[in-house]
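Basis for what follows: all heavy atoms, side chains included, without hydrogens, waters or symmetry-related copies.
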Amino acid sequence: MKMENPTPIQWQFSERAEQLQSSAIREILKVTARPEVISFAGGLPSPETFPVERMRTVFDSVLSKQGKVALQYGPTDGYLPLRQWIADSLSTDGAKIIPEQVLMVSGSQQGLDLLAKVLVDEGSRVLVETPSYLGALQAFSVYRPEFVSVPSDENGIQPEQVPGLAQGARLLYALPNFQNPTGRTMPIERRIALVEACARLGLPLIEDDPYGALSYRGEPLQKLLTMNPNGVIYMGSFSKVLTPGIRLGYVVAPVPLIRKMEQAKQAADLHTATLTQMVVYEAIKDGFLTEHIPTIRKLYADQCQAMLDALTEFFPSSVTWTRPEGGMFIWVTLPKHIDSMKLLDESIEQLVAFVPGAPFYANAPEQNTLRLSFVTVPPAKIREGVEKLGKLIAAKL
């Protein structure tokens, strides 16, 4: 039976929903889906790195040997063998991690949401880098914090600036390794100073580390977690070292915080998919990542160098950029009078895309910045796209 002339629903969204905005990157990706577009926009890992055969084998193995367990509900905190593997991989002589400190989440984006949900009230002060990861700003903004941008430079957050900004703050969020969006890396001296500053203040420090394994030299710096496991919340992900399609990340934190996050996760999705957790554990338990990650590093290092060479050849001398030692991104600073958002419109007409820098700032956006990602574009296309972009910039000088 179909109702005749039903009254149209006048949707009344919550105040929280009204303030939601689409990701600038996701909107750009809609435009760049056409194969003819050279896209430096996405923060997507290269599909060339996905271990398809390995994943097919372990999916078959898990389903054939443990199918009834893998297809059933599971515990909220996650699959114990995988949590144990993570705890062991992060433990050092001075910082022993136990599986009770590990919470499996449906991608690190859920980890950010859960952390904000249990730590942030409306108006709470949240300290972030300048600029910072857009996905974190989005996740935190749902809970209406007061974002405080900590002065940062080519080495990341300036620790000496934190005490003057930390009054009433609930957390400080940082990406010390090959940061998104800038590609910068925090040196060891600054890591120590930042951890010590937060420890003195009793300020929870979130260490988001999705790119830490992607050091081109194979020598990632010491994790903040190992310096103060009682005060640092560590976030990891399998998206960049296996595949993002499995949506599997984890949070490592003191047990009281993990238990509160577990309660919040129960209300969100009960638990992360048992099947994917078991598959990932089977895929990595025998040392597969030790063999696989170097191939990712080599590919990304070569493509990064191709972009750096092209930038040197085709960009005007008044433009500057970072020189990452790992990860997936290069950050470009244009002359002050050039608005990268307007430049994007012209660039897309030339079938080249990038991400304007302004959305990565919690406060006082710098319109003359942009992010380039090189990992999904082959070297010849990198050169072609950078040359086109360089001509557009040069025309504005």
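Residues L221 and P176 form no side-chain contact, since every pair of their non-hydrogen atoms from C-beta on lies 4.5 Å or further apart. Side-chain contact between M307 and L311: present, with at least one pair of heavy atoms (C-beta onward) separated by less than 4.5 Å. At least one side-chain heavy atom of L224 sits under 4.5 Å from a side-chain heavy atom of L205. Counting only heavy atoms from C-beta outward, the side chains of I393 and L343 approach each other to under 4.5 Å. Put simply, the side chain of Q158 reaches to within 4.5 Å of the side chain of D153, judged on heavy atoms. I382 is listed as a side-chain neighbour of F40, based on a closest heavy-atom distance under 4.5 Å. Proximity of P45 to F50: side-chain heavy atoms (C-beta onward) are separated by under 4.5 Å at one or more points. Using a 4.5 Å heavy-atom cutoff, the side chains of P324 and F178 are not in contact.
Side-chain contact, R191 with N177: a donor N or O sits under 3.5 Å from an acceptor N or O. In this structure, a donor-acceptor pair under 3.5 Å is present between the side chains of N363 and S149. Under the 3.5 Å distance criterion, with hydrogens and angles disregarded, a donor-acceptor pair is assigned to the side chains of Y143 and D113. At a cut-off of 3.5 Å, with distance as the only test, a side-chain donor of N180 or Y211 sits close to an acceptor on the other residue. A donor-acceptor contact closer than 3.5 angstrom is absent between the side chains of E219 and S215. Residues T272 and S106 bring a donor and an acceptor atom of their side chains to less than 3.5 Å of each other.
Connection of L203 to I192 is established within a shared hydrophobic cluster, with ILVMFWY side chains joined at heavy-atom distances below 4.5 Å, either directly or through further cluster members. By the criterion of side-chain heavy atoms lying less than 4.5 angstrom apart, applied directly or through intervening Ile, Leu, Val, Met, Phe, Trp or Tyr residues, V279 is grouped together with L71 in one hydrophobic cluster. Hydrophobic clustering (ILVMFWY, side-chain heavy atoms < 4.5 Å, transitive): L270 and V251 are in distinct clusters. Taking hydrophobic clusters as Ile, Leu, Val, Met, Phe, Trp and Tyr residues chained together by side-chain heavy-atom distances below 4.5 Å, L389 does not share a cluster with M341. Side-chain heavy atoms closer than 4.5 Å link hydrophobic residues (I, L, V, M, F, W, Y) into clusters, and following such links, possibly through other members, connects L63 to L248.
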Next on the checklist: Between K396 and E346, is the salt bridge (Lys or Arg N to Asp or Glu O under 4.0 Å) condition met? List the steps.
Outcome noted: CA-CA 12 Å; K396 296 181 177 300; E346 299 176 27; 2.7 Å; yes
Checklist entry - Between K265 and Q110, does a side chain to side chain contact (heavy atoms under 4.5 Å, CB included) hold up when you go through it step by step? => result CA-CA 9 Å; K265 182 172 171 61; Q110 185 186 48; 2.9 Å; yes
Next on the checklist: Evaluate L90 against K223 for side chain to side chain contact (heavy atoms under 4.5 Å, CB included), listing each step before the verdict.
Outcome noted: CA-CA 9 Å; L90 292 173; K223 291 178 171 55; 3.6 Å; yes
Next on the checklist: I'd like to know whether I206 forms a side chain to side chain contact (heavy atoms under 4.5 Å, CB included) with M235, so could you lay out the CA-CA distance, the side-chain angles of the two residues, the decisive distance to 0.1 Å, and finally the verdict.
Outcome noted: CA-CA 7 Å; I206 297 177; M235 298 183 60; 3.8 Å; yes
Next on the checklist: Checking E129 against Q179 for the side chain to side chain contact (heavy atoms under 4.5 Å, CB included) test, could you report, in this order, the C-alpha distance in whole Å, the side-chain angles of both residues, the deciding distance, and whether it holds?
Outcome noted: CA-CA 10 Å; E129 297 173 279; Q179 192 232 25; 3.3 Å; yes
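Between P145 and V126, the closest heavy-atom pair is CB-CG2, 3.7 Å. Of all non-hydrogen atoms in I233 and P204, the two that sit nearest each other are CD1-CB, 4.2 Å. For the pair L103 and E262, the tightest heavy-atom approach, listed with the atom from each and the gap, is CD2-N, 4.2 Å. Contact detail for E207 and Y234: the closest heavy-atom pair is OE1-CD1, 3.3 Å. Shown here for M104 and G249, the closest heavy-atom pair between the two residues is CE-O, 3.5 Å. The nearest pair of heavy atoms linking L299 to S46 is CD2-OG, 3.9 Å.
A donor-acceptor pair is defined here as one N or O able to donate and one able to accept, closer than 3.5 Å; such a pair exists between the side chain of S124 and the backbone of D121. Between the side chain of S141 and the main chain of Q138, a donor-acceptor pair closer than 3.5 Å is present. Side-chain N or O atoms of R190 include one that pairs as donor or acceptor with a backbone N or O of I157 at under 3.5 Å. In this structure, the side chain of K388 engages the main chain of Q350 through a donor-acceptor pair within 3.5 Å. In this structure, the side chain of R297 engages the main chain of A213 through a donor-acceptor pair within 3.5 Å. The backbone N or O of A283 lies less than 3.5 Å from a partner atom in the side chain of R54, making a donor-acceptor pair. In terms of modelled atom types and a separation under 3.5 Å, the side chain of Q109 and the main chain of G135 share a donor-acceptor contact. Checking side-chain atoms of S340 against main-chain N and O of I338 turns up no donor-acceptor pair under 3.5 Å. At least one donor-acceptor pair closer than 3.5 Å links the side chain of R170 to the backbone N or O of L119. For H292 (side chain) and T49 (main-chain N/O), a donor-acceptor pair under 3.5 Å exists by modelled atom type.
Ring geometry for W85 versus F238: interplanar angle of 30 to 60°, hence tilted. Using the six-membered ring where Trp is involved, F360 and W331 have ring planes that are perpendicular, over 60° apart on the 30 and 60° scheme. Between H271 and Y73, the ring planes are perpendicular. Angles over 60° get that label, and only those under 30° would be called parallel.
In this structure, NE2 in H337 is found 5.5 Å from CG in L397, a value given to the nearest 0.5 Å. Atom CZ of F140 sits about 13.5 Å away from atom NZ of K117, to the nearest 0.5 Å. In this structure, CZ in R184 is found 13.5 Å from CD in E325, a value given to the nearest 0.5 Å. One finds the CG atom of L82 at 6.0 Å from the CD atom of Q277 (value rounded to the nearest 0.5 Å). Taken from OG in S373 to CD1 in I330, the straight-line distance is 9.0 Å, to the nearest 0.5 Å. Atom-to-atom distance recorded for T276:OG1 and M55:CE is 8.5 Å, nearest 0.5 angstrom.
Heavy atoms of other residues, nucleotides or ligands lying less than 6.0 angstrom from CD of Q10 number 12 at most. Residue-environment remark: CD (E48) stays at or below the threshold of 12 foreign heavy atoms within 6.0 Å.
Taking the six-membered ring wherever Trp is involved, the centroid distance between the rings of F329 and F374 does not fall below 6.0 Å.
Looking at E282 and K65, no side-chain N of the basic residue comes within less than 4.0 Å of a carboxylate O on the acidic one, giving no salt bridge. Remark: R125 engages E146 in a salt bridge, criterion side-chain N to carboxylate O under 4.0 Å. A salt bridge does not link R383 to E387: none of the charged nitrogens lies less than 4.0 Å from a carboxylate oxygen.
With L172 as the fixed residue, the side-chain contact (heavy atoms from CB on, under 4.5 Å) test singles out one of L165, L201, L194: L194.
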